[in-house]
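Excluded from the calculations below are hydrogen atoms, water molecules and symmetry mates; all remaining heavy atoms, backbone and side chain alike, are included. All chains are named by letter (A, B, ...) in the order of the sequence lines, taking the proteins before the strands, and each is independently numbered beginning at 1.
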Number of protein chains: 4
Amino acid sequence: MPKVGMEPIRRAALVKATIAEIGEAGTLDVTVSQIAKRAGMSSGLAHHYFGGKDQIFLAAMRHTLALYAAEVRGALSMACTPQDRIGAIVRASFSHSHFQRDVIAAWLNFYVLAQSSQQARHLLGIYQRRLRSNLIFALRPLVGLRAVDVAEQLAGMIDGLYLRQSLGQSLVDPERAIRHVMRAVALELAQGPSR
Amino acid sequence: MPKVGMEPIRRAALVKATIAEIGEAGTLDVTVSQIAKRAGMSSGLAHHYFGGKDQIFLAAMRHTLALYAAEVRGALSMACTPQDRIGAIVRASFSHSHFQRDVIAAWLNFYVLAQSSQQARHLLGIYQRRLRSNLIFALRPLVGLRAVDVAEQLAGMIDGLYLRQSLGQSLVDPERAIRHVMRAVALELAQGPSR
Amino acid sequence: MPKVGMEPIRRAALVKATIAEIGEAGTLDVTVSQIAKRAGMSSGLAHHYFGGKDQIFLAAMRHTLALYAAEVRGALSMACTPQDRIGAIVRASFSHSHFQRDVIAAWLNFYVLAQSSQQARHLLGIYQRRLRSNLIFALRPLVGLRAVDVAEQLAGMIDGLYLRQSLGQSLVDPERAIRHVMRAVALELAQGPSR
Amino acid sequence: MPKVGMEPIRRAALVKATIAEIGEAGTLDVTVSQIAKRAGMSSGLAHHYFGGKDQIFLAAMRHTLALYAAEVRGALSMACTPQDRIGAIVRASFSHSHFQRDVIAAWLNFYVLAQSSQQARHLLGIYQRRLRSNLIFALRPLVGLRAVDVAEQLAGMIDGLYLRQSLGQSLVDPERAIRHVMRAVALELAQGPSR
DNA sequence: AATGAATGAGGATTCATTCAT
DNA sequence: GATGAATGAATCCTCATTCAT
């Protein structure tokens with residue numbers, strides 16, 4: 001069964017399996033064996049490629065964050081006006097691929113991991129700062145000095161609405177979440193720029 | 001060494017130790033022995049009183065939620081106007097006792113626990129519904145039909161700003177969080193009631 | 001089955017089992033489970049008392065060294081003349097309890113352990129220095145300045161004859177080993193003191 | 001990349017790497033991968049050539065023993081008198097190539113291996129018997145019937161002094177060891193032949 | 001000939017839980 | 001009521017060995 005050039009394929013399979021497994025269990029308490037099995041390989045191989053459970057988790061986190069970042073970047077690239085930019089960010093945050101029960105649960109667990117893992121904290125910090133700066137950049141022309149405050153407000157609302165889905169008994173509804181955020185944006189914009 | 005009437009004291013000590021331990025570790029991966037030791041007793045006794053680790057966690061969660069609920073209730077009881085009520089809820093959500101690194105981390109972990117524990121999910125559901133209904137009740141007179149939407153918006157913002165603190169490298173700043181939420185409230189109220 | 005005050009008993013049983021197991025296997029490649037089983041307890045308990053495999057090995061080594069030291073001390077306490085002292089040391093080195101296939105094999109393995117374990121090296125260093133200084137002390141009155149050289153010679157012979165038994169197909173013969181060493185001693189003493 | 005006629009080169013590289021690795025680690029707990037890597041090849045190839053880890057160890061041992069034997073043989077071939085023969089054996093035992101920290105550690109580990117491996121024991125037995133018979137042969141003309149006893153004495157001293165170097169914190173000093181053994185020889189010879 | 005991908009058994013270690021005292 | 005001794009299942013990780021390429 002040994003093949004050559006399998007490394008990227010194996011790694012991708014493991015990352016995907018990790019997210020799925022965490023999402024399904026709702027916990028980081030998944031075993032390497034479970035992950036490996038879902039990815040169609042032995043636990044030994046998982047260790048071979050990643051060196052340990054921690055590294056597997058971090059890789060999964062990196063992947064998740066990268067997917068999100070790519071989604072935001074793609075949406076932003078098509079935005080012409082500041083208003084569009086804000087909409088792009090919000091919509092990407094609740095996009096189909098990002099806004100699924102499993103992924104949300106994994107994301108939540110990454111927040112927890114960040115409490116005890118230096119590296120996880122670092123990764124999540126990058127996400128948070130990027131979201132913040134993307135928002136500020138888009139808001140500056142519209143609300144001037146209030147941009148920082150509004151960005152924090154919106155970032156909080158995005159994260160919070162996202163988080164609250166992890167428990168939602170009802171089906172997740174991205175449109176509803178998007179509408180909530182955009183409503184707050186509209187009200188702020190209506191105030192015009194500060195200074 | 002056996003004493004009578006110790007049960008409530010022991011239980012309280014264990015609950016407190018559990019929150020502290022989870023908060024410090026940033027994880028639910030704390031051992032019963034650690035918790036018991038911090039509470040000044042043997043692990044066996046912890047089991048004796050709670051029956052198992054899960055029950056200890058649930059008790060800690062119940063306690064945390066009850067504290068928060070009491071804080072909200074207390075604040076609400078002094079509020080006269082709808083506006084006051086909203087302010088009371090927001091302020092309670094970021095109150096001193098509730099808005100500390102340790103407690104926030106524990107809270108975050110309870111969200112995670114809720115993914116895999118029916119009972120934890122139930123408890124957290126109560127919290128979410130209560131927050132939502134408290135907000136709706138206060139908002140109804142002010143924004144009419146929009147109350148539900150605004151309540152969800154605000155609940156999301158509260159949870160999100162709260163959550164974002166768990167990673168914040170900077171010191172937690174309740175006033176700033178409160179200001180963000182109240183600003184959104186003000187803008188909504190300025191629209192007047194719908195219908 | 002839990003009892004109180006078992007710790008010293010358990011520890012002693014584990015130490016004894018460790019030496020027996022190493023002796024029988026001829027290797028440090030024995031599992032904690034094997035040791036624990038031979039000592040009549042679970043592997044978990046072995047860890048509980050010693051904290052890890054390394055610590056178990058070190059304890060076994062310490063015990064072995066202590067036994068030897070006690071044997072030497074006892075023999076020395078009854079020696080009146082320098083000659084007696086030398087005889088006591090040599091005889092203790094090949095005493096019944098010390099000169100058995102199992103114990104010799106364990107001892108040999110401790111030498112190996114000392115190559116990679118700082119602590120084991122430390123322990124063995126103590127043994128070597130003590131043997132050396134005991135010999136020098138006894139030899140000084142008899143051979144004067146040559147004491148150091150003769151001590152090293154004898155120490156080497158003792159260790160070497162001891163070591164060679166670990167492979168001996170023939171039955172180990174302490175008397176023969178003792179005779180070899182004492183013969184070398186006699187020849188040196190016949191030279192009289194230097195300077 | 002496959003080449004022909006590589007076998008002897010590969011085998012030699014592996015043997016050398018094995019001794020170096022064991023010497024460095026101070027343990028037989030080295031992996032085949034480590035050895036293969038040091039020898040500049042894959043672990044698979046190491047298995048291909050030797051069939052298994054045990055065989056690699058045995059080959060390394062055989063090589064080490066052969067080197068020593070060659071050294072002794074070479075030295076003996078230039079010895080004319082029985083005294084010279086003894087000196088040759090002793091000097092070879094502490095020759096530069098043989099008396100290095102790494103090699104000594106490997107040698108010690110081979111002693112351990114001999115406890116659990118029939119074949120290793122066999123190899124070491126050959127070494128021991130050869131040393132013994134070489135000594136007896138050289139001693140017979142000088143000490144007559146005492147040859148056997150003296151040979152055992154000297155063999156013990158050689159092995160013991162060699163062994164003690166493996167722990168020596170001080171630099172290894174072959175001259176000193178040689179002097180110790182030769183001193184014992186001189187004293188015995190001074191007694192003249194028995195019977 | 002050579003690689004390194006892949007497996008899977010084995011072992012140290014941890015920990016919730018039980019229970020004799 | 002209280003302890004902590006004791007168990008054993010569970011998990012991470014390592015590594016010899018095999019084998020497709």
Side-chain angles (χ1 to χ4, degrees), chain A residues 1-7 9-10 29-37 40-56, chain B residues 1-7 9-10 29-37 40-56, chain C residues 1-7 9-10 29-37 40-56, chain D residues 1-7 9-10 29-37 40-56:
Chain A
M1 298 136 193
K3 324 251 176 70
V4 293
M6 290 298 281
E7 175 150 353
I9 297 170
R10 295 298 196 185
D29 274 325
V30 295
T31 71
V32 174
S33 292
Q34 282 167 11
I35 294 171
K37 188 172 184 183
M41 71 193 81
S42 70
S43 67
L45 198 52
H47 277 94
H48 175 68
Y49 281 125
F50 282 100
K53 201 184 188 183
D54 292 352
Q55 301 308 311
I56 297 177
Chain B
M1 299 141 196
K3 317 205 184 114
V4 292
M6 289 297 283
E7 174 151 355
I9 298 171
R10 297 292 197 189
D29 275 327
V30 295
T31 70
V32 174
S33 292
Q34 282 167 10
I35 293 170
K37 188 174 182 183
M41 70 194 80
S42 70
S43 65
L45 200 51
H47 274 89
H48 175 70
Y49 280 125
F50 283 100
K53 199 183 189 181
D54 292 352
Q55 300 310 311
I56 297 177
Chain C
M1 299 141 193
K3 321 252 176 68
V4 292
M6 289 299 281
E7 174 151 354
I9 297 170
R10 295 296 195 187
D29 274 324
V30 294
T31 71
V32 174
S33 292
Q34 281 167 12
I35 294 172
K37 188 172 183 184
M41 70 193 82
S42 70
S43 66
L45 198 51
H47 277 93
H48 175 69
Y49 280 126
F50 282 99
K53 200 185 189 182
D54 292 354
Q55 301 307 312
I56 297 177
Chain D
M1 299 142 193
K3 317 203 183 117
V4 292
M6 290 297 282
E7 174 151 354
I9 297 172
R10 297 292 197 189
D29 275 326
V30 295
T31 70
V32 173
S33 292
Q34 282 167 10
I35 293 171
K37 187 175 185 183
M41 70 194 82
S42 71
S43 66
L45 199 51
H47 273 90
H48 176 70
Y49 279 127
F50 282 99
K53 198 184 190 182
D54 291 353
Q55 300 310 311
I56 297 177

K.L.:
Quick check for you: to the nearest 0.5 Å, what is the distance between S43(A) atom OG and K53(A) atom NZ?
P.N.:
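Going from OG on S43(A) over to NZ on K53(A), the span is 12.0 Å.
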K.L.:
I'd like to check the side-chain contact (heavy atoms from CB on, under 4.5 Å) partners of T31(A); sequence neighbours left out, ordered by chain and number.
P.N.:
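Checked T31(A) against side-chain contact (heavy atoms from CB on, under 4.5 Å); matches are S33(A), Q34(A).
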K.L.:
Nearest-Å distance, CZ (F50(B)) to C1' (dT18(E))?
P.N.:
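Going from F50(B) (CZ) to dT18(E) (C1'), I get 19 Å.
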K.L.:
For R10(A) and F50(A), what are the C-alpha separation, side-chain angles and deciding distance, and is it a side-chain contact (heavy atoms from CB on, under 4.5 Å)?
P.N.:
CA-CA 10 Å; R10(A) 295 298 196 185; F50(A) 282 100; over 6 Å; no
K.L.:
Could you say whether D54(A) or D54(D) is positioned toward the 5' end of DNA chain F, judged by the nucleotide with the nearest heavy atom to each?
P.N.:
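Result: D54(A).
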K.L.:
Have a look at Y49(C) and say if it touches a base, only the backbone sugar-phosphate, or nothing, with a 4.0 Å heavy-atom cut-off.
P.N.:
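If one applies the 4.0 Å heavy-atom cut-off, Y49(C) turns out to touch the sugar-phosphate alone, with no base involved.
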K.L.:
Under 4.0 Å from OP1 or OP2 of dG1(F): is there any side-chain N or O of R10(B) that close?
P.N.:
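The answer is no; no side-chain N or O of R10(B) sits under 4.0 Å from OP1 or OP2.
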K.L.:
Would you kindly compare G40(D) and G44(A) by the position of their nearest DNA chain E nucleotide and give the one closer to the 5′ end?
P.N.:
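Counting from the 5' end, the first nearest nucleotide belongs to G40(D).
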K.L.:
Counting side-chain heavy atoms from CB outward, which of dT17(F), dC13(F), dA2(E) is closest to M6(D)?
P.N.:
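Within the option list, the nearest is dA2(E).
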K.L.:
So, does H48(A) get its side chain near the phosphate of dA6(E), meaning an N or O under 4.0 Å from OP1 or OP2?
P.N.:
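No, outside the criterion.
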K.L.:
Which heavy atom in V32(D) sits nearest to a heavy atom in H47(D), and how many Å separate them?
P.N.:
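The answer is CG1-CE1, 3.7 Å.
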K.L.:
Please pick, from dT17(F), dT3(E), dA2(E), the nucleotide with the shortest atom-to-atom distance to any side-chain atom of M41(D).
P.N.:
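The closest nucleotide is dT3(E).
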K.L.:
Taking only residues two or more places apart in sequence or in another chain, which ones pass side-chain contact (heavy atoms from CB on, under 4.5 Å) with D29(B)?
P.N.:
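Scan of D29(B) (side-chain contact (heavy atoms from CB on, under 4.5 Å), adjacent residues dropped) gives D29(A), T27(B).
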K.L.:
Wobble G-U and Watson-Crick pairs count when both distances are under 3.5 Å; given that, what is the 5' to 3' dot-bracket string of DNA chain F, with | for pairing to other strands?
P.N.:
.||||||||||||||||||||
K.L.:
Considering only side-chain heavy atoms of H47(C), which listed nucleotide, dT13(E), dC13(F), dA16(E), is closest?
P.N.:
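Among the listed nucleotides, the one closest to the side chain of H47(C) is dT13(E).
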K.L.:
Nearest to the L45(B) side chain among dG8(E), dT7(F), dT3(F), which nucleotide is it?
P.N.:
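Out of dG8(E), dT7(F), dT3(F), the nucleotide with an atom closest to L45(B)'s side chain is dT3(F).
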K.L.:
Could you tell me the separation between the NZ atom of K53(B) and the P atom of dA9(F), rounded to a whole number of Å?
P.N.:
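The answer, rounded to whole Å, is 19 Å.
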K.L.:
Can you list, by residue number, the residues of residues 29-37 of chain A that have a non-hydrogen atom closer than 4.0 angstrom to DNA chain F?
P.N.:
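By residue number: V30(A), T31(A), V32(A).
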K.L.:
Roughly how far, to the nearest 0.5 Å, is the CE atom of M6(B) from the CE atom of M41(B)?
P.N.:
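Reported value, rounded in 0.5 Å steps: 7.5 Å.
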